[in-house]
Amino acid sequence: MAKFYCTTPIYYVNDRPHIGHAYSTFAADALVTWHRLSGESVFFLTGTDENAQKNSEAAAKRLGVTPAETSRAQVQAYVDEMSAVWQRTWDTLGIRYDRFIRTTEPAHLRGVEQFIAAVQERGDIYKGTYRGWYCVGCEAFVPEGDLVEGKCATHLRVPERIEEENYFFRLAKYRDALLAHIEQHPEFIQPESRRNEIVAYIRDHLADISISRPMRNWGIPFPGDPAQAVYVWFDALGNYLTGVGYGTDAAQFAQWWPADLHLIGKDIIKFHCALWPAMLLSAGIPLPRRVFAHGFFTIDGQKMSKSLGNVVDPVVSAQRYGLDALRFFLFREISFGGDGDFSEARLAERYAAELQHGIGNFAARTIAMVRKYTDGRVPAIGDRNLVGDVWARYADAFDRAQLHEALAIATELVRVGDQLIEQERPWELAKRGETDRLHRVLGELVELLRHLALLHAPFTPATTDRILTALGQEDWRSHAWTELQQWGRRTEGAVLRELPHLFPPLEGVPVRG
Ligand code: ME8
(Lines give C-alpha, C1' and ligand atoms only; values in the text may rest on other atoms or scores of the structure.)
Protein backbone atom coordinates (compact mmCIF):
# COMPACT_ATOMS: atom_id res chain seq x y z
CA MET A 1 0.00 0.00 0.00
CA ALA A 2 1.31 3.47 -0.86
CA LYS A 3 2.25 5.64 2.10
CA PHE A 4 2.19 9.38 2.57
CA TYR A 5 4.22 10.97 5.36
CA CYS A 6 3.54 14.69 5.58
CA THR A 7 4.85 17.30 7.99
CA THR A 8 4.19 20.95 8.88
CA PRO A 9 6.81 23.25 10.36
CA ILE A 10 7.03 22.82 14.10
CA TYR A 11 6.10 26.20 15.47
CA TYR A 12 7.86 28.32 18.08
CA VAL A 13 5.95 28.62 21.32
CA ASN A 14 6.93 32.22 22.08
CA ASP A 15 3.40 33.22 21.13
CA ARG A 16 -0.02 31.80 20.30
CA PRO A 17 -0.91 30.42 16.86
CA HIS A 18 -2.13 32.95 14.30
CA ILE A 19 -3.88 32.55 10.98
CA GLY A 20 -0.56 32.10 9.09
CA HIS A 21 0.31 29.05 11.18
CA ALA A 22 -3.24 27.75 10.78
CA TYR A 23 -2.92 28.14 6.99
CA SER A 24 0.07 25.77 6.79
CA THR A 25 -1.60 23.32 9.13
CA PHE A 26 -4.96 23.40 7.28
CA ALA A 27 -3.05 22.85 4.02
CA ALA A 28 -1.32 19.77 5.40
CA ASP A 29 -4.66 18.55 6.74
CA ALA A 30 -6.30 18.95 3.31
CA LEU A 31 -3.47 17.13 1.54
CA VAL A 32 -3.41 14.37 4.09
CA THR A 33 -7.19 13.98 3.85
CA TRP A 34 -6.91 13.54 0.09
CA HIS A 35 -4.21 10.88 0.45
CA ARG A 36 -6.10 9.15 3.26
CA LEU A 37 -9.29 9.02 1.18
CA SER A 38 -7.27 7.73 -1.76
CA GLY A 39 -6.56 4.66 0.35
CA GLU A 40 -2.93 5.42 1.18
CA SER A 41 -1.58 4.89 4.64
CA VAL A 42 -0.86 8.28 6.03
CA PHE A 43 1.24 9.81 8.80
CA PHE A 44 0.70 13.46 9.60
CA LEU A 45 3.24 15.09 11.92
CA THR A 46 3.02 18.52 13.50
CA GLY A 47 4.26 19.95 16.78
CA THR A 48 6.21 22.63 18.61
CA ASP A 49 9.80 23.89 18.38
CA GLU A 50 10.76 24.43 21.99
CA ASN A 51 14.53 24.69 22.41
CA ALA A 52 14.82 28.12 20.79
CA GLN A 53 16.32 31.10 22.53
CA LYS A 54 13.23 33.13 21.63
CA ASN A 55 11.13 30.78 23.75
CA SER A 56 13.31 31.32 26.82
CA GLU A 57 13.16 35.07 26.18
CA ALA A 58 9.37 34.89 26.03
CA ALA A 59 9.32 32.94 29.29
CA ALA A 60 11.49 35.59 30.94
CA LYS A 61 9.30 38.38 29.60
CA ARG A 62 6.23 36.70 31.00
CA LEU A 63 7.92 36.42 34.39
CA GLY A 64 9.09 40.01 34.19
CA VAL A 65 12.76 39.10 34.60
CA THR A 66 15.79 38.92 32.31
CA PRO A 67 16.57 35.67 30.45
CA ALA A 68 19.66 35.21 32.64
CA GLU A 69 17.46 35.27 35.73
CA THR A 70 15.14 32.49 34.59
CA SER A 71 15.77 28.90 35.53
CA ARG A 72 15.51 25.91 33.21
CA ALA A 73 12.46 24.75 35.19
CA GLN A 74 10.73 28.08 34.62
CA VAL A 75 11.32 27.96 30.88
CA GLN A 76 10.16 24.34 30.83
CA ALA A 77 6.93 25.30 32.64
CA TYR A 78 6.37 28.06 30.09
CA VAL A 79 6.90 25.83 27.04
CA ASP A 80 4.70 23.12 28.60
CA GLU A 81 1.88 25.59 28.93
CA MET A 82 2.35 27.11 25.48
CA SER A 83 2.76 23.83 23.67
CA ALA A 84 -0.58 22.76 25.15
CA VAL A 85 -2.12 25.95 23.74
CA TRP A 86 -0.88 24.99 20.25
CA GLN A 87 -2.08 21.43 20.50
CA ARG A 88 -5.47 22.53 21.82
CA THR A 89 -5.76 25.01 18.96
CA TRP A 90 -5.21 22.30 16.34
CA ASP A 91 -7.73 20.09 18.14
CA THR A 92 -10.28 22.90 18.18
CA LEU A 93 -9.63 23.51 14.49
CA GLY A 94 -10.23 19.84 13.69
CA ILE A 95 -6.68 19.03 12.52
CA ARG A 96 -6.33 15.28 12.22
CA TYR A 97 -2.60 14.91 12.97
CA ASP A 98 -1.17 11.52 13.87
CA ARG A 99 1.52 12.82 16.17
CA PHE A 100 2.13 16.11 17.89
CA ILE A 101 5.86 16.24 18.59
CA ARG A 102 7.55 18.43 21.18
CA THR A 103 11.27 18.96 20.85
CA THR A 104 11.70 18.80 24.62
CA GLU A 105 10.51 15.17 24.65
CA PRO A 106 13.15 12.65 25.78
CA ALA A 107 12.57 10.64 22.58
CA HIS A 108 13.51 13.66 20.47
CA LEU A 109 16.62 14.29 22.58
CA ARG A 110 17.76 10.72 22.09
CA GLY A 111 17.27 10.97 18.35
CA VAL A 112 19.19 14.25 18.13
CA GLU A 113 22.10 12.71 20.02
CA GLN A 114 22.16 9.77 17.65
CA PHE A 115 21.99 12.08 14.67
CA ILE A 116 24.87 14.26 15.85
CA ALA A 117 26.94 11.15 16.51
CA ALA A 118 26.39 10.06 12.89
CA VAL A 119 27.44 13.48 11.56
CA GLN A 120 30.46 13.48 13.86
CA GLU A 121 31.47 10.04 12.65
CA ARG A 122 31.42 11.35 9.10
CA GLY A 123 33.95 13.98 10.19
CA ASP A 124 31.58 16.85 9.48
CA ILE A 125 31.74 18.63 12.83
CA TYR A 126 34.73 20.71 13.91
CA LYS A 127 35.47 23.31 16.55
CA GLY A 128 35.98 26.87 15.42
CA THR A 129 35.38 30.46 16.35
CA TYR A 130 32.25 32.22 15.21
CA ARG A 131 32.45 35.96 14.76
CA GLY A 132 29.34 37.66 13.54
CA TRP A 133 25.70 38.39 14.17
CA TYR A 134 22.86 36.31 15.56
CA CYS A 135 19.22 37.36 15.16
CA VAL A 136 16.99 35.77 17.79
CA GLY A 137 13.94 36.62 15.66
CA CYS A 138 15.29 34.43 12.85
CA GLU A 139 17.09 32.10 15.24
CA ALA A 140 19.88 32.34 12.69
CA PHE A 141 23.35 33.73 12.14
CA VAL A 142 23.00 36.68 9.79
CA PRO A 143 25.75 37.52 7.28
CA GLU A 144 27.03 41.07 7.72
CA GLY A 145 26.02 41.89 4.13
CA ASP A 146 22.36 41.06 4.84
CA LEU A 147 22.00 43.69 7.59
CA VAL A 148 20.14 46.86 6.73
CA GLU A 149 21.39 49.84 8.72
CA GLY A 150 22.82 47.38 11.20
CA LYS A 151 19.50 45.59 11.69
CA CYS A 152 18.01 42.28 10.61
CA ALA A 153 15.88 43.13 7.57
CA THR A 154 13.05 40.80 8.66
CA HIS A 155 12.82 41.57 12.36
CA LEU A 156 14.11 45.15 12.31
CA ARG A 157 16.17 44.51 15.40
CA VAL A 158 19.88 44.81 16.01
CA PRO A 159 21.27 41.27 16.15
CA GLU A 160 23.55 40.06 18.92
CA ARG A 161 27.24 40.47 18.20
CA ILE A 162 28.87 37.13 18.83
CA GLU A 163 32.43 36.04 19.08
CA GLU A 164 32.68 32.61 20.57
CA GLU A 165 34.13 29.15 20.23
CA ASN A 166 31.61 26.64 19.04
CA TYR A 167 31.01 23.66 16.81
CA PHE A 168 30.68 23.97 13.05
CA PHE A 169 28.99 21.75 10.51
CA ARG A 170 30.76 21.29 7.16
CA LEU A 171 27.82 22.55 5.12
CA ALA A 172 29.93 23.88 2.21
CA LYS A 173 31.25 20.38 1.61
CA TYR A 174 27.78 19.39 0.37
CA ARG A 175 27.39 22.12 -2.25
CA ASP A 176 27.91 19.89 -5.28
CA ALA A 177 25.95 16.97 -3.86
CA LEU A 178 22.98 19.26 -3.12
CA LEU A 179 23.04 20.85 -6.57
CA ALA A 180 23.22 17.41 -8.18
CA HIS A 181 20.33 16.14 -6.10
CA ILE A 182 18.16 19.13 -6.98
CA GLU A 183 18.97 18.71 -10.64
CA GLN A 184 18.19 15.00 -10.64
CA HIS A 185 14.99 15.45 -8.61
CA PRO A 186 13.13 18.41 -10.07
CA GLU A 187 10.17 17.64 -7.78
CA PHE A 188 12.32 18.06 -4.64
CA ILE A 189 11.71 21.82 -4.27
CA GLN A 190 8.37 23.33 -5.22
CA PRO A 191 7.12 25.68 -6.53
CA GLU A 192 9.68 25.99 -9.28
CA SER A 193 10.35 29.69 -8.71
CA ARG A 194 11.63 28.85 -5.25
CA ARG A 195 13.86 26.14 -6.63
CA ASN A 196 15.77 28.68 -8.72
CA GLU A 197 16.20 30.89 -5.68
CA ILE A 198 17.65 28.00 -3.66
CA VAL A 199 19.94 26.82 -6.43
CA ALA A 200 21.45 30.31 -6.63
CA TYR A 201 21.83 30.42 -2.86
CA ILE A 202 23.55 27.05 -2.67
CA ARG A 203 25.79 27.81 -5.61
CA ASP A 204 26.91 31.24 -4.45
CA HIS A 205 26.54 31.45 -0.69
CA LEU A 206 26.75 28.08 1.00
CA ALA A 207 29.23 28.24 3.89
CA ASP A 208 29.94 26.14 6.96
CA ILE A 209 27.56 26.91 9.79
CA SER A 210 27.92 27.13 13.53
CA ILE A 211 25.71 24.53 15.19
CA SER A 212 26.15 25.26 18.87
CA ARG A 213 25.84 28.16 21.26
CA PRO A 214 27.20 28.54 24.80
CA MET A 215 24.72 26.85 27.12
CA ARG A 216 22.80 29.33 29.18
CA ASN A 217 19.67 28.00 30.81
CA TRP A 218 17.99 26.42 27.83
CA GLY A 219 18.53 24.08 24.86
CA ILE A 220 19.81 20.56 24.24
CA PRO A 221 23.32 19.97 25.65
CA PHE A 222 25.80 19.33 22.86
CA PRO A 223 26.82 15.65 23.03
CA GLY A 224 30.15 15.38 24.84
CA ASP A 225 30.28 19.11 25.66
CA PRO A 226 27.41 20.22 27.89
CA ALA A 227 28.87 23.73 28.07
CA GLN A 228 27.42 24.14 24.57
CA ALA A 229 23.76 23.88 23.47
CA VAL A 230 22.78 22.46 20.09
CA TYR A 231 21.84 25.25 17.67
CA VAL A 232 18.06 25.23 17.55
CA TRP A 233 17.64 24.53 13.81
CA PHE A 234 20.00 21.59 14.02
CA ASP A 235 17.70 20.05 16.62
CA ALA A 236 14.38 21.28 15.21
CA LEU A 237 14.82 19.88 11.70
CA GLY A 238 15.50 16.51 13.30
CA ASN A 239 11.88 16.41 14.48
CA TYR A 240 10.93 15.05 11.07
CA LEU A 241 13.05 11.99 11.87
CA THR A 242 12.37 11.62 15.58
CA GLY A 243 8.64 12.13 14.99
CA VAL A 244 8.55 8.75 13.25
CA GLY A 245 10.84 6.83 15.53
CA TYR A 246 14.43 7.72 14.58
CA GLY A 247 16.57 6.79 17.57
CA THR A 248 13.76 5.03 19.40
CA ASP A 249 11.72 2.79 17.09
CA ALA A 250 13.56 1.44 14.07
CA ALA A 251 10.53 -0.39 12.66
CA GLN A 252 8.38 2.73 12.72
CA PHE A 253 11.16 4.75 11.17
CA ALA A 254 11.61 2.23 8.37
CA GLN A 255 7.88 2.32 7.71
CA TRP A 256 7.62 6.10 7.24
CA TRP A 257 10.93 7.64 6.29
CA PRO A 258 11.66 9.33 3.88
CA ALA A 259 9.02 12.01 4.31
CA ASP A 260 6.87 12.40 1.21
CA LEU A 261 6.20 16.06 1.81
CA HIS A 262 7.56 18.79 4.06
CA LEU A 263 5.04 21.59 3.85
CA ILE A 264 6.52 24.93 4.94
CA GLY A 265 6.23 28.68 4.42
CA LYS A 266 8.66 30.42 2.11
CA ASP A 267 10.45 32.06 5.06
CA ILE A 268 12.19 28.85 6.07
CA ILE A 269 13.04 27.38 2.70
CA LYS A 270 16.82 27.71 3.01
CA PHE A 271 16.82 25.69 6.19
CA HIS A 272 14.72 22.98 4.55
CA CYS A 273 16.31 22.85 1.11
CA ALA A 274 19.99 23.47 1.91
CA LEU A 275 20.87 22.82 5.55
CA TRP A 276 18.45 19.93 6.11
CA PRO A 277 19.33 17.80 3.06
CA ALA A 278 23.04 18.40 3.76
CA MET A 279 22.55 17.21 7.35
CA LEU A 280 20.84 14.08 6.04
CA LEU A 281 23.52 13.41 3.42
CA SER A 282 26.12 13.69 6.16
CA ALA A 283 24.27 11.29 8.46
CA GLY A 284 23.68 8.85 5.57
CA ILE A 285 19.88 9.14 5.70
CA PRO A 286 17.77 9.32 2.51
CA LEU A 287 16.40 12.76 1.64
CA PRO A 288 12.72 13.73 1.83
CA ARG A 289 10.93 13.42 -1.49
CA ARG A 290 9.49 16.90 -1.68
CA VAL A 291 9.54 20.27 0.06
CA PHE A 292 6.70 22.61 -0.86
CA ALA A 293 6.93 26.23 0.28
CA HIS A 294 3.71 28.23 0.24
CA GLY A 295 3.66 32.01 0.19
CA PHE A 296 2.98 34.53 2.93
CA PHE A 297 -0.13 36.55 3.28
CA THR A 298 -0.77 40.00 4.62
CA ILE A 299 -3.83 41.15 6.56
CA ASP A 300 -5.79 43.82 4.71
CA GLY A 301 -2.62 44.57 2.76
CA GLN A 302 -0.38 44.94 5.80
CA LYS A 303 2.17 42.67 7.36
CA MET A 304 0.64 40.81 10.31
CA SER A 305 2.24 42.12 13.47
CA LYS A 306 1.54 42.59 17.12
CA SER A 307 2.49 46.23 16.99
CA LEU A 308 -0.09 46.90 14.27
CA GLY A 309 -2.64 44.95 16.30
CA ASN A 310 -3.85 43.08 13.22
CA VAL A 311 -2.95 39.52 14.23
CA VAL A 312 -5.80 37.19 13.29
CA ASP A 313 -6.63 34.44 15.76
CA PRO A 314 -7.85 31.42 13.76
CA VAL A 315 -10.03 30.19 16.62
CA VAL A 316 -11.87 33.52 16.80
CA SER A 317 -12.34 33.53 12.99
CA ALA A 318 -13.61 29.94 13.06
CA GLN A 319 -16.11 30.86 15.77
CA ARG A 320 -17.33 33.85 13.83
CA TYR A 321 -17.58 32.32 10.35
CA GLY A 322 -17.49 28.60 10.98
CA LEU A 323 -14.49 26.34 10.60
CA ASP A 324 -15.44 25.14 7.13
CA ALA A 325 -15.97 28.68 5.89
CA LEU A 326 -12.56 29.72 7.18
CA ARG A 327 -10.79 26.79 5.53
CA PHE A 328 -12.76 27.28 2.33
CA PHE A 329 -11.86 30.95 2.19
CA LEU A 330 -8.13 30.45 2.69
CA PHE A 331 -7.82 28.02 -0.21
CA ARG A 332 -10.22 29.90 -2.51
CA GLU A 333 -8.65 33.27 -1.94
CA ILE A 334 -4.92 32.54 -1.97
CA SER A 335 -3.10 30.64 -4.73
CA PHE A 336 -1.18 27.95 -2.93
CA GLY A 337 2.50 28.72 -3.43
CA GLY A 338 2.03 32.44 -4.09
CA ASP A 339 1.62 35.33 -1.66
CA GLY A 340 -1.82 36.65 -0.83
CA ASP A 341 -3.96 38.74 1.43
CA PHE A 342 -6.44 37.85 4.14
CA SER A 343 -9.32 40.21 4.67
CA GLU A 344 -12.48 39.70 6.66
CA ALA A 345 -14.43 41.75 4.13
CA ARG A 346 -13.39 39.33 1.37
CA LEU A 347 -14.20 36.41 3.62
CA ALA A 348 -17.70 37.78 4.20
CA GLU A 349 -18.14 38.33 0.45
CA ARG A 350 -17.09 34.83 -0.47
CA TYR A 351 -19.16 33.42 2.36
CA ALA A 352 -22.30 35.05 1.01
CA ALA A 353 -21.64 34.41 -2.68
CA GLU A 354 -20.07 30.96 -2.70
CA LEU A 355 -21.16 29.27 0.51
CA GLN A 356 -24.53 30.70 1.50
CA HIS A 357 -25.83 31.33 -2.04
CA GLY A 358 -23.54 28.76 -3.67
CA ILE A 359 -23.11 25.34 -2.10
CA GLY A 360 -25.62 25.96 0.69
CA ASN A 361 -28.35 27.06 -1.63
CA PHE A 362 -27.77 24.35 -4.21
CA ALA A 363 -27.77 21.60 -1.58
CA ALA A 364 -30.89 22.96 0.14
CA ARG A 365 -32.82 23.37 -3.12
CA THR A 366 -31.92 19.92 -4.42
CA ILE A 367 -32.92 18.16 -1.24
CA ALA A 368 -36.08 20.24 -0.83
CA MET A 369 -37.21 19.42 -4.38
CA VAL A 370 -36.70 15.69 -3.92
CA ARG A 371 -38.59 15.82 -0.65
CA LYS A 372 -41.41 17.73 -2.31
CA TYR A 373 -41.78 15.92 -5.65
CA THR A 374 -40.89 12.33 -4.82
CA ASP A 375 -41.67 12.12 -1.11
CA GLY A 376 -37.95 12.28 -0.41
CA ARG A 377 -37.08 9.09 -2.23
CA VAL A 378 -34.20 9.49 -4.68
CA PRO A 379 -35.37 8.54 -8.18
CA ALA A 380 -33.35 6.46 -10.66
CA ILE A 381 -30.07 8.04 -11.66
CA GLY A 382 -29.40 7.93 -15.38
CA ASP A 383 -26.15 7.23 -17.14
CA ARG A 384 -25.52 10.77 -18.32
CA ASN A 385 -22.31 11.67 -16.47
CA LEU A 386 -22.43 15.31 -15.48
CA VAL A 387 -19.08 15.44 -13.69
CA GLY A 388 -16.97 14.72 -16.77
CA ASP A 389 -13.25 14.76 -16.08
CA VAL A 390 -13.59 16.62 -12.80
CA TRP A 391 -12.03 13.85 -10.72
CA ALA A 392 -9.02 13.45 -13.02
CA ARG A 393 -8.34 17.18 -12.96
CA TYR A 394 -8.85 17.27 -9.20
CA ALA A 395 -6.38 14.42 -8.62
CA ASP A 396 -3.86 16.13 -10.84
CA ALA A 397 -4.20 19.37 -8.85
CA PHE A 398 -3.64 17.49 -5.59
CA ASP A 399 -0.62 15.68 -7.00
CA ARG A 400 0.90 19.10 -7.65
CA ALA A 401 -0.26 20.35 -4.21
CA GLN A 402 -2.27 23.05 -5.99
CA LEU A 403 -4.95 23.25 -3.32
CA HIS A 404 -6.68 26.33 -4.72
CA GLU A 405 -7.03 24.60 -8.09
CA ALA A 406 -8.53 21.49 -6.51
CA LEU A 407 -11.05 23.59 -4.59
CA ALA A 408 -11.91 25.66 -7.67
CA ILE A 409 -12.65 22.42 -9.54
CA ALA A 410 -14.89 21.29 -6.68
CA THR A 411 -16.86 24.53 -6.74
CA GLU A 412 -17.44 24.23 -10.51
CA LEU A 413 -20.08 21.63 -9.75
CA VAL A 414 -22.23 24.23 -8.02
CA ARG A 415 -22.47 26.04 -11.34
CA VAL A 416 -23.24 22.83 -13.21
CA GLY A 417 -26.03 22.09 -10.74
CA ASP A 418 -27.48 25.61 -10.75
CA GLN A 419 -27.51 25.60 -14.55
CA LEU A 420 -29.32 22.29 -14.66
CA ILE A 421 -31.97 23.64 -12.31
CA GLU A 422 -32.37 26.81 -14.39
CA GLN A 423 -32.58 24.90 -17.67
CA GLU A 424 -34.98 22.23 -16.52
CA ARG A 425 -37.04 24.15 -13.98
CA PRO A 426 -38.20 21.07 -12.07
CA TRP A 427 -41.18 22.93 -10.59
CA GLU A 428 -42.51 23.50 -14.12
CA LEU A 429 -41.91 19.86 -15.07
CA ALA A 430 -43.95 18.92 -11.99
CA LYS A 431 -46.72 21.31 -12.96
CA ARG A 432 -46.84 19.93 -16.49
CA GLY A 433 -46.83 16.38 -15.20
CA GLU A 434 -43.58 15.46 -17.02
CA THR A 435 -42.76 12.96 -14.34
CA ASP A 436 -40.09 10.93 -16.17
CA ARG A 437 -38.10 13.98 -17.00
CA LEU A 438 -38.62 15.43 -13.53
CA HIS A 439 -37.31 12.25 -11.97
CA ARG A 440 -34.32 12.12 -14.28
CA VAL A 441 -33.37 15.69 -13.43
CA LEU A 442 -33.82 15.18 -9.70
CA GLY A 443 -31.69 12.03 -9.82
CA GLU A 444 -28.97 13.92 -11.64
CA LEU A 445 -29.08 16.78 -9.16
CA VAL A 446 -28.74 14.42 -6.21
CA GLU A 447 -25.81 12.66 -7.85
CA LEU A 448 -24.14 16.00 -8.61
CA LEU A 449 -24.62 17.00 -4.99
CA ARG A 450 -23.00 13.77 -3.82
CA HIS A 451 -19.93 14.41 -5.96
CA LEU A 452 -19.81 18.01 -4.87
CA ALA A 453 -19.82 16.98 -1.21
CA LEU A 454 -17.03 14.44 -1.75
CA LEU A 455 -14.87 16.91 -3.65
CA HIS A 456 -15.13 19.34 -0.76
CA ALA A 457 -14.04 16.79 1.89
CA PRO A 458 -10.41 17.98 2.20
CA PHE A 459 -11.55 21.59 2.55
CA THR A 460 -14.92 21.66 4.31
CA PRO A 461 -15.15 18.30 6.09
CA ALA A 462 -18.19 19.07 8.27
CA THR A 463 -20.20 20.28 5.26
CA THR A 464 -19.30 17.10 3.38
CA ASP A 465 -20.54 14.98 6.27
CA ARG A 466 -23.77 16.94 6.61
CA ILE A 467 -24.64 16.67 2.94
CA LEU A 468 -23.74 13.01 2.65
CA THR A 469 -25.71 12.21 5.79
CA ALA A 470 -28.77 13.92 4.31
CA LEU A 471 -28.25 11.74 1.22
CA GLY A 472 -28.20 8.61 3.38
CA GLN A 473 -24.46 8.13 2.74
CA GLU A 474 -23.15 8.62 6.26
CA ASP A 475 -20.98 5.52 5.93
CA TRP A 476 -19.13 7.02 2.95
CA ARG A 477 -15.76 6.87 4.65
CA SER A 478 -15.89 3.08 4.75
CA HIS A 479 -16.13 2.86 0.97
CA ALA A 480 -13.25 2.97 -1.46
CA TRP A 481 -12.75 6.45 -2.81
CA THR A 482 -12.41 5.14 -6.38
CA GLU A 483 -15.81 3.52 -6.02
CA LEU A 484 -17.35 6.72 -4.64
CA GLN A 485 -15.98 8.72 -7.57
CA GLN A 486 -18.01 6.74 -10.12
CA TRP A 487 -21.13 8.35 -11.51
CA GLY A 488 -23.69 5.88 -10.31
CA ARG A 489 -26.64 4.63 -8.43
CA ARG A 490 -25.44 4.77 -4.87
CA THR A 491 -28.29 6.89 -3.62
CA GLU A 492 -31.13 5.44 -5.71
CA GLY A 493 -34.16 4.75 -3.58
CA ALA A 494 -32.64 6.35 -0.49
CA VAL A 495 -34.98 8.49 1.57
CA LEU A 496 -33.44 11.90 2.01
CA ARG A 497 -33.15 13.45 5.44
CA GLU A 498 -33.52 17.04 6.30
CA LEU A 499 -30.37 19.06 5.67
CA PRO A 500 -29.33 21.40 8.48
CA HIS A 501 -28.84 25.00 7.39
CA LEU A 502 -25.26 24.81 6.08
CA PHE A 503 -24.29 28.45 5.84
CA PRO A 504 -26.76 30.76 7.58
CA PRO A 505 -26.51 34.45 6.75
CA LEU A 506 -23.76 36.21 8.66
CA GLU A 507 -24.81 38.81 11.14
CA GLY A 508 -22.77 41.79 12.18
CA VAL A 509 -19.70 41.03 10.11
CA PRO A 510 -17.91 43.71 8.18
CA VAL A 511 -18.91 44.41 4.60
CA ARG A 512 -16.47 46.08 2.28
CA GLY A 513 -17.18 49.73 1.77
O1 ME8 B 1 9.96 29.11 11.67
N2 ME8 B 1 1.49 33.62 5.94
O3 ME8 B 1 8.43 28.53 13.29
P4 ME8 B 1 7.38 29.74 13.25
C5 ME8 B 1 1.60 32.30 5.72
N6 ME8 B 1 10.11 26.88 14.39
N7 ME8 B 1 2.22 31.44 6.57
C8 ME8 B 1 2.75 31.94 7.69
C9 ME8 B 1 2.67 33.30 8.00
C10 ME8 B 1 2.00 34.18 7.07
N11 ME8 B 1 1.87 35.48 7.26
N12 ME8 B 1 3.30 33.49 9.17
C13 ME8 B 1 3.75 32.28 9.59
C14 ME8 B 1 9.59 28.42 12.62
N15 ME8 B 1 3.43 31.34 8.70
C16 ME8 B 1 10.43 27.24 13.05
C17 ME8 B 1 10.17 26.10 12.11
S18 ME8 B 1 10.57 23.57 11.28
C19 ME8 B 1 11.76 22.41 11.56
C20 ME8 B 1 10.97 24.85 12.40
C21 ME8 B 1 3.72 29.90 8.84
O22 ME8 B 1 6.55 29.57 14.47
C23 ME8 B 1 4.61 29.37 7.72
O24 ME8 B 1 4.39 27.98 7.57
O25 ME8 B 1 8.06 31.03 13.03
C26 ME8 B 1 5.98 29.58 8.28
O27 ME8 B 1 6.96 28.80 7.63
C28 ME8 B 1 5.77 29.18 9.72
O29 ME8 B 1 4.45 29.66 10.04
C30 ME8 B 1 6.81 29.74 10.68
O31 ME8 B 1 6.44 29.39 11.98
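Start at 1 and go down the list; that is how both ligands and their atoms are numbered.
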Would you say [X] touches ligand 1, if touching means a heavy atom closer than 4.0 Å?
{"X": "Gly295", "answer": "yes"}
{"X": "His18", "answer": "yes"}
{"X": "Trp233", "answer": "yes"}
{"X": "Glu139", "answer": "no"}

[atom] - nearest protein heavy atom and its distance:
{"atom": "atom 10 (C) of ligand 1", "answer": "Phe296 CD2, 3.5 Å"}
{"atom": "atom 31 (O) of ligand 1", "answer": "Tyr11 CD2, 3.5 Å"}
{"atom": "atom 2 (N) of ligand 1", "answer": "Phe297 N, 3.1 Å"}
{"atom": "atom 29 (O) of ligand 1", "answer": "His21 CD2, 3.2 Å"}
{"atom": "atom 30 (C) of ligand 1", "answer": "Asp267 OD2, 3.7 Å"}

Looking at ligand 1, does any of its N/O atoms fall within less than 3.5 Å of an N/O of [X]?
{"X": "Asp49", "value": "yes"}
{"X": "Ile10", "value": "yes"}
{"X": "Ser24", "value": "yes"}
{"X": "Ile268", "value": "no"}
{"X": "Tyr12", "value": "yes"}
{"X": "Ile264", "value": "no"}

Against heavy atoms of [X], which atoms of ligand 1 measure under 4.0 Å?
{"X": "Ala236", "answer": "19 (C)"}
{"X": "Tyr240", "answer": "18 (S), 19 (C)"}
{"X": "Pro9", "answer": "18 (S), 24 (O)"}

Using the ring centroid of each side chain, check whether [X] and [Y] are separated by less than 6.0 Å.
{"X": "His181", "Y": "Phe188", "answer": "yes"}
{"X": "Tyr126", "Y": "Tyr167", "answer": "no"}
{"X": "Phe336", "Y": "His294", "answer": "yes"}
{"X": "Phe44", "Y": "Phe4", "answer": "no"}
{"X": "Phe271", "Y": "Trp276", "answer": "no"}
{"X": "Tyr23", "Y": "Phe342", "answer": "no"}
{"X": "Tyr394", "Y": "Trp34", "answer": "yes"}

Study note, to complete from the structure: Counting heavy atoms under 4.0 Å, the part of Lys266 that contacts ligand 1 is neither
Review point. When you check the side-chain N and O atoms of Asn239 and Thr103, is any donor under 3.5 Å from an acceptor?
Key: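 Thr103 and Asn239 do not have a side-chain donor-acceptor pair below 3.5 Å.
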Check your understanding: Taking atom types as modelled, is there a side-chain donor on His35 or Asp260 under 3.5 Å from an acceptor on the other?
Key -> no
Review point. Should we count CZ of Arg16 as having more than 12 external heavy atoms under 6.0 Å?
Key: no
Check your understanding: For the atom pair CZ (Arg72) and CE (Met215), what is the distance rounded to the nearest 0.5 Å?
Key ->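 Rounded to the nearest 0.5 Å, the CZ-CE separation comes to 5.0 Å.
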Check your understanding: Are the side chain of Asp208 and the backbone of Leu171 linked by a donor-acceptor contact shorter than 3.5 Å?
Key ->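 Yes; judged by distance alone, with no hydrogens or angles, the pair exists.
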